[in-house]
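Reading through the structure tokens given below for one structure.
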Amino acid sequence: MQPATPSARLVEVFSSIQGEGVLAGRRQVFVRTYGCNLRCTYCDSPETLRETPSPAFCRVETQSGSGRFCTIPNPVSLHTLTHTVQSFLHEPHHSLSLTGGEPLLQARFWQCWLPQTAGWNLPVFLETNGMLPAHLQMVLPYISLVSMDYKAPSATGMPYEKSRDLQREFLQVASARQVYMKLVVTPHTSMEELDCAVQLLNEVYPIPALILQPVTPCGYETEPVQAQKLFAMHAHASRALPDVRIIPQLHKAMHLL
Ligand code: SF4
């Protein structure tokens, strides 16, 4: 029996600027998936979480920055996603962003779909929580750049050692491609958590950049992080790593998707 053709549960497809990390300011087409295996205190995409009913439709912004949408039914087929993403490509884009939720939960779909995008000359950028190394291995041949979050146990509630070991394994796999690590800094992020991120990065070569992203108050995180704390963390990490940057969420400042 032939396996069923895969389809994806998506929340939205749109074109905007990347607002985080080393590609901040780059124009991208974003495919945001439904579903996540974590529950971070600062989650700014609650519509992707499983507590929210799986959406019957995926919204597609009809014109970038307009806030106007049409919809396509979920789950989305390979052909429909190809057609939808192509509808944005009449304007120049730097790359295609797979984001979520946790896009790697739908790794089998990407395995089938990403080879179909090979002719677009559009590098694939993966935004991930860095907890599913086996899933990453499945799609790695198609990925150009991995944005891996360091998930601080103070934000996820995961046991420290389990979290560290999974993220170590993930980073080892990701280091076969370009990769950087992003740490969302909240008022609760500790120096011990920063040290863990630094230690993981120092275990791979070349040592990836570390982006310290001040939390945008959201979800259970109602307070911003103090600038002094950010500078202290930047100084601490910079003593051990070659490239540490503080980059806030640019798209939020511009009120973009
Ligand atoms: S990994 Fe991302 S999408 Fe999932 S709960 Fe955390 S912030 Fe939200």
Side-chain angles (χ1 to χ4, degrees), residues 8-14 16 18-24 28 30-55 58-59 74 97-107 109-110 125-136 139 143 145-160 162-171 173-174 179-190 193 196-197 200 210-225 247-252 256-257:
R9 294 210 171 266
L10 304 180
V11 170
E12 57 188 1
V13 182
F14 59 96
S16 187
Q18 174 56 246
E20 301 181 356
V22 302
L23 294 188
Q28 293 184 321
F30 293 79
V31 179
R32 186 185 305 285
T33 59
Y34 169 77
C36 188
N37 49 327
L38 297 183
R39 299 291 178 272
C40 305
T41 52
Y42 51 76
C43 186
D44 62 358
S45 304
E47 70 279 15
T48 69
L49 303 185
R50 286 209 185 94
E51 289 80 358
T52 313
S54 175
C58 162
R59 66 178 192 167
N74 262 319
S97 174
L98 307 183
T99 189
E102 175 46 60
L104 286 177
L105 287 174
Q106 313 205 39
F109 179 83
W110 305 127
F125 174 66
L126 173 68
E127 302 189 71
T128 170
N129 60 35
M131 290 285 180
L132 298 169
H135 293 65
L136 176 65
V139 300
I143 305 296
L145 175 61
V146 180
S147 171
M148 170 193 176
D149 280 7
Y150 171 78
K151 287 300 183 187
S154 61
T156 63
M158 269 181 86
Y160 171 82
K162 180 182 176 192
S163 176
R164 179 201 59 197
D165 292 349
L166 267 177
Q167 298 231 272
R168 172 180 286 131
E169 190 182 343
F170 189 95
L171 184 57
V173 176
V179 57
Y180 71 88
M181 185 182 275
K182 186 183 80 195
L183 167 59
V184 176
V185 181
T186 77
H188 312 291
T189 311
S190 68
E193 289 171 324
C196 183
L200 292 178
L210 174 64
I211 308 301
L212 302 176
Q213 180 176 294
V215 70
T216 305
C218 193
Y220 295 105
E221 297 292 347
T222 53
E223 297 296 324
V225 63
I247 305 180
Q249 288 182 299
L250 180 63
H251 59 299
K252 294 278 173 70
L256 292 172
L257 289 174

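Computed over heavy atoms, backbone and side chain alike; hydrogens, waters and symmetry mates excluded. Sequential numbering from 1 along the given sequence is applied to the chain's residues. Just so you know, ligand 1 is whichever comes first in the structure, and atom 1 is the first atom listed for that ligand. Please read all numbers here as calculations on a predicted model, not as lab measurements.
Residue-ligand proximity, Leu38 to ligand 1, at heavy-atom distances under 4.0 Å covers atoms 5 (S). Contact atoms of ligand 1 toward Cys40: 1 (S), 5 (S), 6 (Fe), 7 (S) (distance under 4.0 Å to a heavy atom of the residue). Listed by atom number, the atoms of ligand 1 under 4.0 Å from Asn129 heavy atoms are 1 (S).
A side chain to side chain contact (heavy atoms under 4.5 Å, CB included) with Val179 is found for one member of Val146, Leu126, Leu145 and no other, namely Val146. When each of Ile211, Leu210, Asp149 is paired with Met181, the side chain to side chain contact (heavy atoms under 4.5 Å, CB included) condition holds for Leu210 and for no other.
When atom types are taken as modelled, the side chain of Thr189 and the backbone of Thr186 share a donor-acceptor pair closer than 3.5 angstrom. A distance-only check finds no donor-acceptor pair linking the side chain of Glu12 to the backbone of Phe30 [under 3.5 Å]. Glu193 contributes a side-chain N or O that, together with a main-chain N or O of Ser154, makes up a donor-acceptor pair within less than 3.5 Å. For Thr99 (side chain) and Thr33 (main-chain N/O), no donor-acceptor pair under 3.5 Å exists by modelled atom type.
The closest approach between any non-hydrogen atom of Lys151 and ligand 1 is below 4.0 Å. Heavy-atom distances between Gly101 and ligand 1 reach below 4.0 Å in at least one pair. Using a 4.0 angstrom heavy-atom cutoff, Arg39 counts as in contact with ligand 1.
Taking backbone and side chain together, Cys36 holds an N, O or S atom under 2.8 Å from atom 4 (Fe) of ligand 1.
Counting only non-hydrogen atoms, the option in Cys43, Pro46, Pro103, Gly130 that gets closest to atom 8 (Fe) of ligand 1 is Cys43.
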